[in-house]
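Contents: one structure, followed by commentary.
Chain letters run A, B, ... following the sequence lines, proteins first, then strands; residues in each count from 1.
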Number of protein chains: 2
Amino acid sequence: MNVTIYDVAREAGVSMATVSRVLNGTAVVKEETKQKVKQAIERLGYRPNAVARGLASKRTKTIGVIVPDVSALYISEIVRGIEDIAVMYRYHIILVNSDAQLEREIDLIGTMWEKQVDGIVFMSKQVLPDHIETFIQAQIPVVLCATEDPERRIPSVNIDYTKAIFDGARYLIDHNANRLLYVGDPAAASISSQARVKGFKEAGKDSGISIDILELSDLTYETSYKEMDYFLDSHPVPNGIIAVSDEVGLAMMHALQDRGFKVPEDVQIIGYDNTRLALMSRPQLTTISQPLYDIGAVSMRLLTKFLQDEPVETYSVVLPHDMVIRHSTF
Amino acid sequence: MNVTIYDVAREAGVSMATVSRVLNGTAVVKEETKQKVKQAIERLGYRPNAVARGLASKRTKTIGVIVPDVSALYISEIVRGIEDIAVMYRYHIILVNSDAQLEREIDLIGTMWEKQVDGIVFMSKQVLPDHIETFIQAQIPVVLCATEDPERRIPSVNIDYTKAIFDGARYLIDHNANRLLYVGDPAAASISSQARVKGFKEAGKDSGISIDILELSDLTYETSYKEMDYFLDSHPVPNGIIAVSDEVGLAMMHALQDRGFKVPEDVQIIGYDNTRLALMSRPQLTTISQPLYDIGAVSMRLLTKFLQDEPVETYSVVLPHDMVIRHSTF
DNA sequence: TTGTAAGCGTTATCAA
DNA sequence: TTGATAACGCTTACAA
């Protein structure tokens with residue numbers, strides 16, 4: 001059998017209440033007693049049982065983290081941010097993958113509820129009424145991470161996707177590009193896609209600028225390359241491209257280069273995410289950088305504020321994005 | 001206050017034991033009673049409290065997953081494998097990052113103990129006596145994932161790193177390379193590094209083959225590029241290279257190409273991991289593929305066997321690796 | 001087939 | 001400053 005708080009109490013010649021007190025520092029204990037208890041703990045190799053503690057205190061010091069897929073590069077970076085801050089505040093995270101499926105997401109929120117997590121960091125393509133309803137029903141503090149509630153009823157941490165793409169497009173325009181192409185997934189796929197397309201369109205409203213959009217069926221290098229290649233058969237070559245990711249940006253670069261076009265002379269390209277990929281192309285890729293780690297970290301920090309009843313100024317945190325200028329643009 | 005099993009019992013007009021029985025299917029319950037209970041659960045929106053259940057049953061259905069850093073590409077892929085199988089067996093995972101620091105690792109094992117996890121999937125550079133001791137003390141089933149106990153006291157899942165590099169080197173030799181270079185981190189850094197270097201040396205024992213090793217100070221693209229560039233100043237150009245990762249392989253390729261060498265004509269290059277990166281270079285990178293997802297999945301599966309007292313044939317599982325031939329080799 | 005009641009290992013509320 | 005003791009919400013003998 002395992003050593004319990006009761007064993008420690010007996011060993012130290014005090015009551016279990018006192019042991020609990022020195023363990024949690026919830027009340028003043030005479031220094032001498034405290035030492036006795038600590039020594040007993042040491043001697044017995046006692047470890048408090050977090051489950052029992054969770055039951056008694058109704059707080060598990062555990063956060064549910066629901067993501068579409070940890071193995072996605074940008075997500076694992078965010079998760080790292082979440083976990084680091086969680087540890088800092090003495091929380092642990094239960095990590096689950098939803099594969100971006102609504103039913104599974106709802107189900108997972110329920111499971112988190114059963115697990116009595118103190119809070120949830122939630123990530124998904126979009127937030128639907130079903131989500132909101134479940135959150136409310138479960139009565140668990142939630143922070144949306146890189147995800148937004150259109151009605152802003154749930155706190156969230158994001159960057160301004162619209163402005164990010166807008167800035168990128170403006171940069172191209174300011175550097176003499178006038179035939180712009182945005183390459184991404186179908187805008188219907190997620191809130192952030194819609195936001196990006198919106199930014200692109202806004203930037204292209206100038207006179208003399210033509211804009212076009214290439215919707216990819218998926219966001220892998222191979223598909224992007226092929227579909228761009230196909231696109232070029234029937235469309236004039238753009239001289240400015242913004243891609244939804246560095247991987248797609250790289251595919252664009254290769255598709256163009258393989259047709260004999262020069263980057264950035266003939267066409268300038270901007271990627272997205274500032275992954276290591278952007279460094280490994282020739283020329284190196286200019287890219288829009290999202291502070292992924294920070295998005296995770298700030299989400300978790302925001303959640304801790306709710307959990308500790310700290311005052312919260314901003315419910316919808318917007319983190320600044322950045323453009324990293326390399327050599328695929330002027 | 002939350003709905004408890006007691007509320008359900010009253011609502012259904014049965015005892016809480018009966019409710020527990022229909023919940024867990026631990027005993028036969030009359031169909032009629034079962035229906036009553038189920039309806040009561042439905043009406044009340046009851047969710048069992050996993051913490052209370054964990055305390056009473058002494059099993060939390062939770063697995064601790066200790067990794068150096070989730071945000072590392074290959075690790076997040078493994079974690080995904082772990083989580084998928086965990087879900088399949090109705091477990092959840094608590095994920096923690098150790099940053100490969102011994103002290104933190106030991107500490108985390110202790111925390112997992114407090115959390116009363118049913119088992120641990122452990123990943124680290126190496127397994128030291130301190131680890132083993134802590135595992136034993138905690139009395140929690142552990143599976144080492146992509147990590148090995150030199151004395152094989154703890155079950156583990158790996159690929160045969162020695163053979164993987166050996167195979168790669170043999171491939172190069174069979175394709176007329178006779179000046180081989182292995183590029184990796186210092187062999188002292190981890191068990192797997194040592195294993196790889198060993199495989200390389202073994203393959204190079206043939207007459208007429210010269211082998212060399214370049215130890216990188218870190219494994220990023222930039223550093224690798226620079227250190228290779230420096231290396232080439234004072235060493236003859238190898239005609240066959242095996243890199244410790246695709247990223248490093250890519251750096252090698254670029255360093256060579258920038259000096260005017262042709263890949264694979266002048267020098268053949270083999271990467272490691274079969275990441276998406278390998279597809280994105282020109283020429284595309286031949287690479288040694290580790291089944292990362294599977295390593296995670298099999299680790300977790302193995303752990304479930306221990307947890308459910310299923311018979312286990314192999315304590316040290318070795319998964320097959322693979323060579324993906326592309327265009328950086330003949 | 002069902003009910004009773006004793007844990008599980010803490011925290012938290014009273015008293016002392 | 002400390003000690004009893006009642007929760008916490010469930011599982012699990014043991015009875016019935």
Can you list everything that forms a side-chain hydrogen bond (donor to acceptor under 3.5 Å, both in side chains) with [X]? Sequence neighbours excluded, please.
| X | value |
| --- | --- |
| A/Q126 | none |
| A/R153 | none |
| B/S15 | B/T18 |
| B/S76 | none |

Q: Answer yes or no: does a side-chain N or O of A/K58 lie under 4.0 Å from OP1 or OP2 of D/dG9?
A: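 For D/dG9, OP1/OP2 do have a side-chain N/O of A/K58 under 4.0 Å.
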Q | B/Y46 side-chain N/O to D/dC10 phosphate OP1/OP2 under 4.0 Å | A |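 Yes, within the criterion.
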Q.
Any base atoms under 4.0 Å from A/R59, or only sugar-phosphate, or nothing? Heavy atoms, all strands.
A.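 The residue A/R59 makes no contact with any strand.
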In whole angstroms, how far is the [atom2] atom of [N] from the [atom1] atom of [X]?
| X | N | atom1 | atom2 | result |
| --- | --- | --- | --- | --- |
| B/Y6 | D/dT11 | OH | C1' | 17 Å |
| A/I5 | D/dG3 | CD1 | C1' | 13 Å |
| A/E114 | D/dG9 | CD | C1' | 13 Å |
| B/D7 | D/dC8 | CG | P | 11 Å |
| B/R10 | C/dG3 | CZ | C1' | 17 Å |
| A/N49 | C/dG9 | CG | P | 7 Å |
| A/L55 | D/dG9 | CG | P | 7 Å |

Q: Five pairs at each end of the helix from C/dT1-D/dA16 to C/dA16-D/dT1: take the axis at both ends and give me the angle between them to 10°.
A: 30°
Q) Ring centroid separation for B/Y315 and B/F306, is it under 6.0 angstrom? A)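 Yes, close enough.
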Q. Which pairs with one or both residues in residues 97-106 of chain B pass side-chain hydrogen bond (donor to acceptor under 3.5 Å, both in side chains), sequence neighbours excluded?
A. A/R80-B/D99, B/E105-B/H131
Q. Which residues satisfy the ring pair (Phe, Tyr, Trp, His ring centres under 6.0 Å) test with B/Y89, sequence neighbours excluded?
A. none
Q | Close residues, residues 14-39 of chain B, relative to DNA chain C [heavy-atom separation under 4.0 Å] | A | B/V14, B/S15, B/A17, B/T18, B/R21, B/V28, B/V29, B/K30, B/T33
Q.
What's the separation between atom CE in B/M112 and atom CD1 in B/I66, rounded to the nearest 0.5 Å?
A. 5.5 Å
Q: Could you check which of C/dT11, D/dG9, C/dG9 has an atom nearest any side-chain atom of A/R53?
A: C/dT11
Please tabulate, for the side chains in residues 33-43 of chain B, all donor-acceptor contacts under 3.5 angstrom to protein atoms that are two or more places apart in sequence or on a different chain.
from, atom 1, to, atom 2, distance (Å)
B/Q35, NE2, B/E31, OE2, 2.7
B/R43, NE, B/E11, OE2, 2.6
B/R43, NH2, B/E11, OE2, 3.1

